[in-house]
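Shown next, in structure tokens, is the structure this report addresses.
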Amino acid sequence: MCGGDVGAQAMESVGWFEGTTQSVPPRENVLDYGAARLDVATVTAVTKKGTRVAGAVHRPSGAPFKIWTVDFPDTDQVTAYEFTATDGRLLSRVARPFAMPPEAEQGEPAGDATKVAGLSVRPYKTPDRTLIWSLDGRELGLNHSAKELLRNMGGKPMDVDLQVNGGRWFGIARPATAKVELVRKDGKVLRAAVKQDPWKFGVRLFAGEEPVSGDLYLEGFTLVGYDSGGKELWREDHPADKPAWDPHPPIGEVVTLGEAKVWFSKVTLADGRTWDGLCRSMPGKKTTCDAFEPVATHYARRLPDLGTIAIGVAGTGITQVTAQKSETKGTIHAPAGAPLKIWTVPYPGGTETFDLRDARGELGMAIGGEAPSGCSVSPPVGRAATLAGGVTVTHQDGCLIMWRDGQQFTVEMRDFEDATYTYGDEIFTGIAIKGTARVEMVYDDGSRLVAAATTPDPWGLGLVLFSTPAKKAEGELS
């Protein structure tokens with residue numbers, strides 16, 4: 001999170017709100033998040049009706065404060081958060097500073113609701129001339145302009161303002177519009193019910209008579225409006241959006257996990273080799289991919305978490321996954337046509353070990369420790385650096401990834417201080433702060449392993465790189 005001065009807030013508060021995923025049109029679920037002092041053990045959301053929703057408190061390794069999250073249905077009206085200590089004492093109660101009021105609280109209505117193809121639409125004066133569409137009490141979307149309906153953000157007139165949510169398509173169009181059709185990529189024509197607005201705003205209301213499946217914008221479509229005589233008045237072509245997985249086309253099915261999409265693809269490594277990889281796409285974030293060597297049936301690996309979900313890949317022999325401490329059972333996903341399986345577990349936070357087992361219940365792999373690196377392997381930024389001993393170094397996402405003979409050594413720059421290195425497999429290599437001209441490893445017996453030269457990093461990070469061939473020495477480091 002990138003909020004204000006966290007240190008200053010900690011001087012005044014036990015826990016505080018930083019942001020939310022709440023939006024218009026609303027999502028089914030909302031994630032609120034913030035920070036808290038280290039003595040906070042739990043966070044609980046309190047709704048307007050008095051019900052309580054338990055959240056999660058996370059302590060990132062080395063962080064001076066904790067992070068809290070609460071996931072709740074958009075229909076719940078959360079009004080406050082309570083922070084408690086490990087002994088259950090209430091430390092603080094904080095009002096939720098931001099709320100997206102439901103339709104009934106949007107302001108003074110500008111008229112009665114009307115129905116179009118099973119959807120309810122009603123105008124409100126605040127914000128000015130907002131039309132809110134809903135289905136069974138749940139808001140689906142809105143049409144709004146501060147000055148006049150059917151004008152874009154730049155003030156230019158529009159023929160139509162289409163909304164798509166939950167498989168329903170609806171909106172407003174020019175007042176002469178008598179018929180609206182949606183033509184899908186496969187040529188199928190869907191028709192809308194069209195109704196003159198009863199509030200005399202000068203628009204026509206329309207809503208599809210049948211829901212749509214799939215992602216309209218991903219596959220592409222055309223929206224056409226006609227007058228009462230059947231003459232075409234306007235046409236909007238929507239070419240297919242570029243899929244989130246380009247340029248990483250999926251191998252097998254794409255799996256949807258909340259707002260995230262994950263899929264297997266081919267990933268090209270810095271040395272030109274191609275491995276299988278798992279790619280992940282989330283709204284507002286760029287696609288990242290992690291690569292895997294050809295693996296055995298009981299292979300497993302953990303990847304950077306998807307919010308409150310721990311995620312990883314597993315060989316085809318793995319059929320069950322459980323978080324040891326919390327005893328939370330996870331899910332094994334087996335996308336059709338994919339080379340591996342995907343495992344997910346609702347993540348309780350903190351250090352956790354995940355047990356992955358086969359159909360007979362035998363342990364295939366135990367993955368423990370802190371959450372994994374946030375680094376991935378594609379795509380690198382800038383050119384790669386080549387060092388002695390066949391070491392290649394790439395820079396990407398605030399990480400340095402060093403490769404040699406298929407072995408990977410990753411350094412997250414947020415964890416870096418003065419120097420770091422790897423030693424073994426006949427190589428001594430690493431990075432150090434700018435100005436370092438020579439790096440030595442000294443053993444108890446007085447022998448030394450010397451990287452007598454360093455190379456400035458080519459990415460402007462203010463570092464130097466070093467590498468030298470080495471034999472594994474006997475004895476201990478001093």
Is [X] salt-bridged to [Y], going by a charged N under 4.0 Å from an acidic O?
X    : Y    : value
D159 : R235 : no
D39  : R37  : yes
K195 : D197 : no

Checklist entry - Any side-chain heavy atom of V164 within less than 4.5 Å of one from F170? => result no
Next on the checklist: I'd like to check I342 versus P335 (side-chain heavy atoms, cut-off strictly below 4.5 Å). Are they in contact?
Outcome noted: yes
Next on the checklist: Can you tell me if D136 has over 12 outside heavy atoms packed within less than 6.0 Å of its CG?
Outcome noted: no
Item to check | Between T222 and D237, a side-chain donor and acceptor under 3.5 Å | outcome: yes
Checklist entry - Have N143 and W133 got a donor and an acceptor in their side chains that come within less than 3.5 Å? => result yes
Checklist entry - When you look at T20 and D32, which way does the side chain to side chain donor-acceptor pair (under 3.5 Å) test go after all the steps? => result CA-CA 4 Å; T20 179; D32 280 5; 2.6 Å; yes
Next on the checklist: Would you say the ring centers of F354 and W343 fall short of 6.0 Å from each other?
Outcome noted: yes
Checklist entry - Any chance the rings of W68 and F83 have centres within less than 6.0 Å? => result yes
Item to check | Working for salt bridge (charged side-chain N to carboxylate O under 4.0 Å, His left out), residues R191 and E181 | outcome: CA-CA 5 Å; R191 292 175 174 82; E181 292 182 343; 3.5 Å; yes
Checklist entry - For W199 and R122, which heavy atoms make the closest approach, and how far apart are they? => result CZ2-CA, 4.4 Å
Next on the checklist: I need the minimum non-hydrogen distance between P249 and S265, along with the two atoms involved.
Outcome noted: O-OG, 2.8 Å
Checklist entry - salt bridge (charged side-chain N to carboxylate O under 4.0 Å, His left out) between E219 and K185: does it pass, once the steps are laid out? => result CA-CA 7 Å; E219 68 179 42; K185 186 178 180 180; over 6 Å; no
Checklist entry - Which class fits the ring pair F65 and W16: parallel under 30°, tilted 30 to 60°, perpendicular over 60°? => result perpendicular
